[in-house]
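Beneath this line is the structure, given in structure tokens, with notes to follow.
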Amino acid sequence: MNVELTGIGVSPGVATAPVARLAAPPELGADTGPEPDPDAALASAKAALEAVAADLEARASRAEGPAGDVLFAQSMMPRDPALADRVAKALAEGRSAPHAVAAAFASFRAALEAAGGYLAERAADLDDLRDRTVATLLGLPMPGVPDPGHPFVLVARDLAPADTAALDPAQAVAVVTEQGGPTSHTAILAKSMGLPAVVACPDAASLEDGVTVLVDGRAGTVAVDPGPERVRRALEGEARRTEALSGSRGPGRTADGRAVQLLVNLGSPADLAAAAEADCEGVGLFRTEFLFLDRATAPAVEEQTEVYAQVFASFTGRRVVVRTLDAGADKPLAFVDHGQEPNPALGVRGIRLARSAAGAALLEDQLAAIGAAAAATDADVWVMAPMVATPGEARAFAARCRDHGLDTAGAMIEVPAAALRASRILDECDFASLGTNDLGQYTLAADRMNGALAELLDPWQPALLDLVGLAAEAGRESGKPVGVCGEAAGDPLLACVLVGLGATSLSMAPSAIAAVRAELATRTYEECAALAATAIGADDAR
């Protein structure tokens with residue numbers, strides 16, 4: 001057949017198997033309302049919502065790494081009292097229970113899409129929750145991952161977090177989606193699981209169950225009926241790359257010996273074992289949201305201290321960069337009044353929470369816990385604030401850190417204003433770390449979950465790299481480190497560009513470190529700088 005589909009490769013690797021498409025959602029059929037007993041119907045709907053929430057919570061407890069964090073956050077959504085209120089309203093208007101549930105989710109979906117940014121990103125998650133709730137109500141099979149009884153390539157329009165987290169890598173050998181982007185849940189979770197994945201591949205809609213495909217998650221291609229010779233060459237090439245990477249050890253270095261610290265991203269204690277065992281120089285991004293998102297009250301200082309100390313103790317003698325709470329937008333807290341915001345992605349999130357008394361108290365407690373844990377262990381603990389936009393915010397944060405005995409305080413650069421004024425930001429703190437996922441979406445004004453804008457969300461966008469270069473130059477001039485902790489750092493070739501722009505460290509998924517280390521070792525710093533100049537001089541990401 002010799003047909004090749006193209007998309008965006010978001011998780012490297014090669015795999016071949018027959019296609020199995022994601023199970024279709026339940027059919028609602030005609031509305032048979034009104035319900036003869038609206039109260040009983042509401043009780044059934046509430047029970048179905050709770051069953052879905054409990055199932056997701058159970059999956060989260062079994063999942064490892066980012067999958068657990070995503071599922072815990074998703075499990076909170078069916079329990080939102082406002083959702084049940086909208087179901088009750090739809091029942092009162094004469095809808096049947098399944099249609100009332102669908103109407104309630106539709107109204108929530110419309111509100112999230114109108115909000116834009118991170119909240120719009122959650123709209124697809126609501127579709128999955130709706131389908132699961134309706135299936136529970138109707139007693140139908142749960143939509144989701146198929147089980148054909150043999151290894152398969154999972155193909156879907158898009159994947160909900162629950163679907164991606166439930167994948168068994170021994171059966172689902174690769175993932176292909178019609179929608180999604182480089183920083184979608186599918187991309188992040190597939191990479192953390194080591195599954196080859198291609199997203200934003202609209203022609204995948206033509207793939208039927210049972211057809212054999214060859215997926216290259218590095219090149220972003222899907223070959224249909226590839227033939228045994230092409231499969232053999234692809235698998236042998238991947239085996240050679242894997243074998244070559246197995247000998248990649250030690251600190252990050254360019255071919256001429258320039259040091260580049262290679263660090264890991266850490267999302268929860270479930271990631272800790274793999275991260276600590278990785279041949280890395282520490283943690284470049286320790287996300288702390290997992291402690292706050294799945295609960296009705298804020299964690300106590302003592303509880304936080306215990307968790308942080310466990311992480312720090314696993315990295316004795318190595319650096320651990322802690323990002324303080326990045327809540328708001330798509331990560332609301334049950335115990336904080338976030339208020340009504342017309343565009344939460346551009347609203348009170350990250351360090352901006354500390355503008356209120358309640359948010360300031362949360363930050364003080366967190367810094368107290370980090371400080372206590374750091375004092376009790378021998379890790380080199382650094383702390384950085386998310387969503388810093390001005391030098392004043394960096395100054396205030398650094399002062400708060402030092403009040404708690406934390407002497408190395410930094411700023412996340414994920415707002416274009418911070419990149420443009422990076423020299424002023426670094427005057428007020430000790431280091432900076434570039435979050436390329438958010439910096440990219442804010443720079444290109446493109447929702448990072450919108451598959452139709454995937455080209456704009458490509459981390460190779462020259463405008464994004466311009467801002468990386470500005471921040472890195474500010475670091476050189478000030479003598480302070482500026483690293484990258486976004487998904488871009490895990491792309492071996494792009495990592496060389498980032499080093500050529502002046503990044504002093506790269507933080508990524510543990511599985512990406514060997515490939516990045518090996519690629520850096522093949523190029524001198526001057527060659528990396530030349531690559532960077534070529535990338536900056538390009539007209540577009542491609």
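Position 1 is the first residue of the sequence; numbering continues from there.
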### Summary
Across all chains, not counting sequence neighbours, the salt bridge (Lys or Arg N to Asp or Glu O under 4.0 Å) partners of Glu4 are Arg230

### Task
For the pair Glu414 (side chain) and Met387 (backbone), establish whether a donor and an acceptor sit closer than 3.5 Å, ignoring hydrogens and angles.
yes

### Side-chain donor/acceptor of Ser206 to backbone N/O of Asp203, under 3.5 Å
yes

### Message
Do Tyr308 and Gln366 pair up side chain to side chain, a donor and an acceptor below 3.5 Å, judged on atom types alone?
### Response
yes

### Ser507 and Asn265: side chain donor to acceptor below 3.5 Å
yes

### Message
Using every non-hydrogen atom in the two residues, find where Gly267 and Phe290 come nearest and quote the distance to one decimal.
### Response
O-CD2, 3.3 Å

### Query
Counting distance only, does the side-chain N/O of Ser96 pair as donor-acceptor with the main-chain N or O of Glu35 below 3.5 Å?
no

### Residue pairs passing the side chain to side chain donor-acceptor pair (under 3.5 Å) test where at least one lies in residues 7-25, sequence neighbours excluded
Arg21-Glu178

### Task
Take Asp225 and Val211 through the side-chain contact (heavy atoms from CB on, under 4.5 Å) test and state the conclusion after the steps.
CA-CA 7 Å; Asp225 285 335; Val211 65; 3.6 Å; yes

### Query
Do Arg218 and Glu238 meet the salt-bridge criterion of a basic N to acidic O distance under 4.0 Å?
yes

### Query
So do the side chains of Val383 and Phe397 get within less than 4.5 Å of each other, counting heavy atoms only?
yes

### Query
What pair of heavy atoms forms the shortest contact from Leu363 to Ala354, and how long is it?
CD2-CB, 4.0 Å

#### Entry: Note, Thr221 side chain near Leu5 side chain (heavy atom, < 4.5 Å)
no

### Query
Looking only at heavy atoms, what is the nearest atom pair of Pro151 and Ala170, with distance?
CG-O, 4.1 Å

#### Entry: Considering all heavy atoms, the nearest Arg323-Thr288 contact
O-OG1, 3.0 Å

### Query
Any salt bridge between Glu93 and Arg95, counting N to O under 4.0 Å?
yes

### Task
Decide yes or no for Val222 and Leu214: does some side-chain heavy atom of the first lie under 4.5 Å from some side-chain heavy atom of the second?
no

## Note on the structure
Separation between CG (Leu325) and CG (Leu291), nearest 0.5 Å, reads 9.5 Å

### Task
Work out which heavy atom in Arg352 is nearest to a heavy atom in Val348; give both atom names and the distance.
O-CG1, 3.6 Å

### Message
Between Phe286 and Leu263, is there a side-chain heavy-atom distance shorter than 4.5 Å?
### Response
no

### Message
Determine whether Asp326 and Arg287 satisfy the following criterion, salt bridge (charged side-chain N to carboxylate O under 4.0 Å, His left out), listing intermediate values before the conclusion.
### Response
CA-CA 8 Å; Asp326 187 12; Arg287 304 179 180 94; over 6 Å; no

### Task
Indicate yes or no: does Asp128 engage Arg132 in a salt bridge with an N to O separation below 4.0 Å.
yes

### Summary
Scanning both residues in full, the closest heavy-atom pair of Leu195 with Ala172 reads CD2-O, 3.0 Å

### Message
Could you tell me if the side chain of Pro26 sits less than 4.5 Å from the side chain of Asp131, heavy atoms only?
### Response
yes

### Task
Sort out for me which residue in Asp365, Val320, Val322 forms a side chain to side chain contact (heavy atoms under 4.5 Å, CB included) with Ile370.
Val322

#### Entry: Close side-chain approach of Val155 to Leu22, heavy-atom, < 4.5 Å
no

